Amino acid sequence: MFQSLKEQPADKILALMQKYKEDPRDSKIDLGVGVYKNAEGLTPVMRAVKTAEQQLWERETTKSYVGLVGDPQFSDVMVDLVLSDSVARGNVAAAATPGGTGAVRQAFELLKMANPDVRVFVSDPTWPNHLSILKYLDLPVVPYRYFDSETRGVDFAGMMEDLADARSGDVILLHGCCHNPTGANLNMSQWQEVVDFLNTSGATPMIDIAYQGFGDGLQEDAAGTRLVASSVPETVIAASCSKNFGIYRERTGLLMVVSQDATAKGLNQSTLAFLNRQNFSFPPDHGARLVTMVLSDPALRADWAAELEEVRLGMLDLRTQLASELQRLSGSDRFGFLAQHRGMFSRLGASAEHVEKLRADHAVYMVGDSRMNIAGLNSATVPILAQAIIDAGI
Ligand code: LMR
């Protein structure tokens, strides 16, 4: 029977990861998949996470099931991390999921259950897996303009013009911070305009927040999400712990649905539990438990926040180094946007041919749309990349 299967398109980011692995050149530079790397090119286990893991090894007495939506304490600490006191905890339904991707997938399924005719407005561009999952679930996608290829900033006028078509029953997918793949983000007055539009149109926001703490800081990166959640009747939020806790392979995420009262929350909560049961039953516990331990122990939390801040500042520093090296080599400010972007990624704005040339001639790997993972650089490779960009004629 399986002869009838059709080859599925390979995920571009994962295919690039494989290509990089197979490249024998010693000089190769990996700016592909969104994984943080330190100056030595390693993705370390964060100090507080390691300590929590040691404590857990000592204290854990059972591996029995926890609950369909995970440990309520995990939901509590994560709702607090993302939303702080912007909404009443009693109005937030939450379920642990396998990673942020699991939360995104469950969110889309929830939207489909709530409205089989839902249209999902997505930024152009967005994380390719958003589109892939939406297609798999057969949900109509409406792209909205987002990235200005001239300024490499947000095309906010274009965005609002395209969103004008959204109405009640539609969903607008937003990136909470550190937009993937562009690195260009809304400022707070733009978030406010989006909120005003959501309230007049009745469209429902869904926010994917996968990089909290990688942009302007833990609180700053959640400010847009908090503003939306506190200002509109319903908000869906998919949060990932992969990046800010460095626990990629533990698959740790949380899906939240913010509503206006406890009755609506009850129905949302039981639907999230139902969805988990249908898809994978109980969510993974290990990563969620580590996050809970780190966030509920003041010393571990402080150490984690300090290390995350080192990571964030390191990426900002690399951005500044790259922008100034390119300014020196090109004699122009046309790469200044690299220092303005925030998070792990920047879209360089180079053509597919240029990206291929960088790979073939310079062993520089970035995603085909010219998304670069800034954390893939270090002080030694910044000048090499800058020279390669100039040599490739970008
Ligand atoms: C990325 O965008 O590179 C990351 O979110 C990893 C992934 O799963 O694609």
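Quick caveat: nothing in here was measured; it's all calculated off a predicted structure. Atom set for the values below is all heavy atoms of this structure, side chains included, hydrogens, waters and symmetry mates excluded. Counting starts at 1 for both ligands and their atoms, in listed order.
The neighbour count for R25 CZ, taken as heavy atoms of other residues, nucleotides or ligands under 6.0 Å away, is above 12. Atom NZ of K112 is surrounded by more than 12 heavy atoms from other residues, nucleotides or ligands within 6.0 Å.
The shell of residues lying under 4.0 angstrom from ligand 1, judged by heavy atoms, excludes M17. Distances from ligand 1 to the non-hydrogen atoms of N129 include no value under 4.0 Å. Residue contacts with ligand 1: Y248 is excluded, as none of its non-hydrogen atoms falls under 4.0 Å.
Judged by the 6.0 Å distance and 45° axis criteria, R312 is not positioned over the aromatic ring of F214. By the 6.0 Å and 45° rule, K28 does not stack over the aromatic ring of Y365.
Here M344 has no heavy atoms under 4.0 Å from ligand 1, in either its backbone or its side chain. At a heavy-atom distance under 4.0 Å, atoms from both the backbone and the side chain of V33 approach ligand 1.
Nearest to atom 9 (O) of ligand 1 among the protein's heavy atoms is W127 NE1, 3.1 Å.
Between the side chains of Q219 and R226, at least one donor N or O lies within less than 3.5 Å of an accepting N or O. A donor-acceptor pair shorter than 3.5 Å cannot be found between the side chains of H175 and N180.
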- Evaluate the criterion ring pair (Phe, Tyr, Trp, His ring centres under 6.0 Å) for residue pair F345 and H179; output intermediate values, then yes/no. CA-CA 8 Å; F345 305 119; H179 185 269; 9.7 Å; no

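Atoms of ligand 1 lying under 4.0 Å from any heavy atom of R371, numbered from 1 in the order shown and given with element: 1 (C), 2 (O), 3 (O). Residue-ligand proximity, K243 to ligand 1, at heavy-atom distances under 4.0 Å covers atoms 4 (C), 5 (O), 6 (C). Each of the atoms 4 (C), 5 (O) of ligand 1 lies under 4.0 Å from some heavy atom of Y211.
Looking at ligand 1, you won't find any N or O of F345 less than 3.5 Å from one of its N or O atoms.
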